[in-house]
Amino acid sequence: MKVAKFGGSSVKDAEAMGRCADLVCSQENLSVVVVSATQNTTNELELIAGTAKEGQLDKALLLVDHLRARHCSICSDIDASPEALKEGELFLEEILKEAKQLAVEISEKRKYSKKDMDALYCLGERMSSFLFSKLLQLKTKKKVILKDARKFIRTDSTFGAGVAQVDQISNSSKKELIPDLARDVIIVTQGFIGSDSDGATTTLGREGSDYSATLIGEAIDASEVQIWTDVEGVATFDPRLIDNTRFIPELSYEEASTLALLGAKVLYPKTLFPAKRKGIPVFVGSSKNPKAEGTRIHGNCVSKKGPRGLSFLKNSEGNLLSLVGDELGSLEGLPFKKVGESSVSVSYLIEDENLDKCLKELHELVLSHF
Ligand code: ASP
Ligand code: MG
């Protein structure tokens, strides 16, 4: 049984969703699909909260309307039959009623809590997963079931950064997911969102949908978790920042986790923890170019000496550049200020004026080991 997660850019419109649905249909044992909100929706929900907080309720409601129109248009691109349109519009209207209600409350209070924000955030993933399930059902003979992730992703009550309750997730999945999965269906659900022991909506933190996918993978004993995004895998450095980066075919759980924790944006930092606990391989690839090699993260990598990747993090101390890989001992003597190391990383603190030059130098070092 495999789990696939599609990020916001992969489900940004009906055409993009169609590519993802084809990818799902092309794999026999892909049983759970986790989706993010459509591109930029989560930011727009933050803007709605912020605008309402300023007391600009009309403007906030206009933004809600804009969200509705954008999702309704995806809905009609998926299936323009009158019945499908009516069902879609009703569903989206119901969901966005919650947004309007929250906007009114926030504008009255002139403030919002993290709990309010989570209640607002969850609407994005609930809309995209609804739309995706409709599209997928048009493409597959299997039964597609839309499941509310709040029924099985249990967290504590830290709103905005819910701590996953792994045992509870495992127990609720036995009830909410496993019986359906035994019937050869495809479950579509939301990333990012969960609920606490009082049933209040929580979220795992921005970009947390990757983590939802591996938590589900862990709970259902998946054979693989696939993270489909807009880049072709984990790169030697952020490909949006320099141009000669390469995609790393294989990484250990430690290496991938460390890259993410030390600043690589491609994966949410906690993503690999559940996968490592259960030894589930994680694939990272591009939904636009699914034939590309991608990155495989697992526990049996062919051991490779030297740095595999570079990550960048700006924190209160300054610019932290970290080389990540196995057996980094040979890197002794590099002319940079070493400020930290672990079994798979060495971190250097770099002054602003030297950043570009050091970045290039360290990246060249990574490429020389490729
Ligand atoms: N939609 C959420 C966000 O934009 C979660 C995710 O996409 O991973 O942060
Ligand atoms: Mg992401």
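Heavy-atom basis, side chains included; hydrogens, waters and symmetry copies ignored. Index from 1, following the sequence. Counting starts at 1 for both ligands and their atoms, in listed order.
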Distance under 4.0 Å to a non-hydrogen atom of [X]: what atoms of ligand 1 satisfy this?
{"X": "G208", "result": "5 (C), 8 (O)"}
{"X": "R206", "result": "3 (C), 4 (O), 9 (O)"}
{"X": "F192", "result": "2 (C), 5 (C)"}
{"X": "S36", "result": "6 (C), 7 (O), 8 (O)"}
{"X": "T42", "result": "1 (N), 2 (C), 3 (C), 4 (O)"}

Hey, are [X] and [Y] close enough for a salt bridge, meaning a charged N less than 4.0 Å from a carboxylate O?
{"X": "R308", "Y": "E250", "answer": "no"}
{"X": "D230", "Y": "K288", "answer": "no"}
{"X": "E351", "Y": "K357", "answer": "no"}
{"X": "R296", "Y": "E224", "answer": "yes"}

Does K5, backbone or side chain, put an N or O under 3.5 Å from an N or O of ligand 1?
no

Just distances here: any N/O of D210 and N/O of ligand 1 closer than 3.5 Å?
no

Is it true that S170 and D167 share a donor-acceptor pair across their side chains at a distance under 3.5 Å?
no

Nearest protein heavy-atom contact for atom 6 (C) of ligand 1: which residue, which atom, what distance?
S209 OG, 3.2 Å

To which protein heavy atom is atom 1 (N) of ligand 1 closest, and what is the distance rounded to 0.1 Å?
E125 OE2, 2.6 Å

Taking all non-hydrogen atoms of both residues into account, name the closest pair between T295 and V234 and its distance.
OG1-N, 2.8 Å

Note: L23 and S287 closest approach over all heavy atoms is CD1-CA, 4.2 Å

Would you check whether G124 reaches within less than 4.0 Å of ligand 1, judged by its heavy atoms?
no

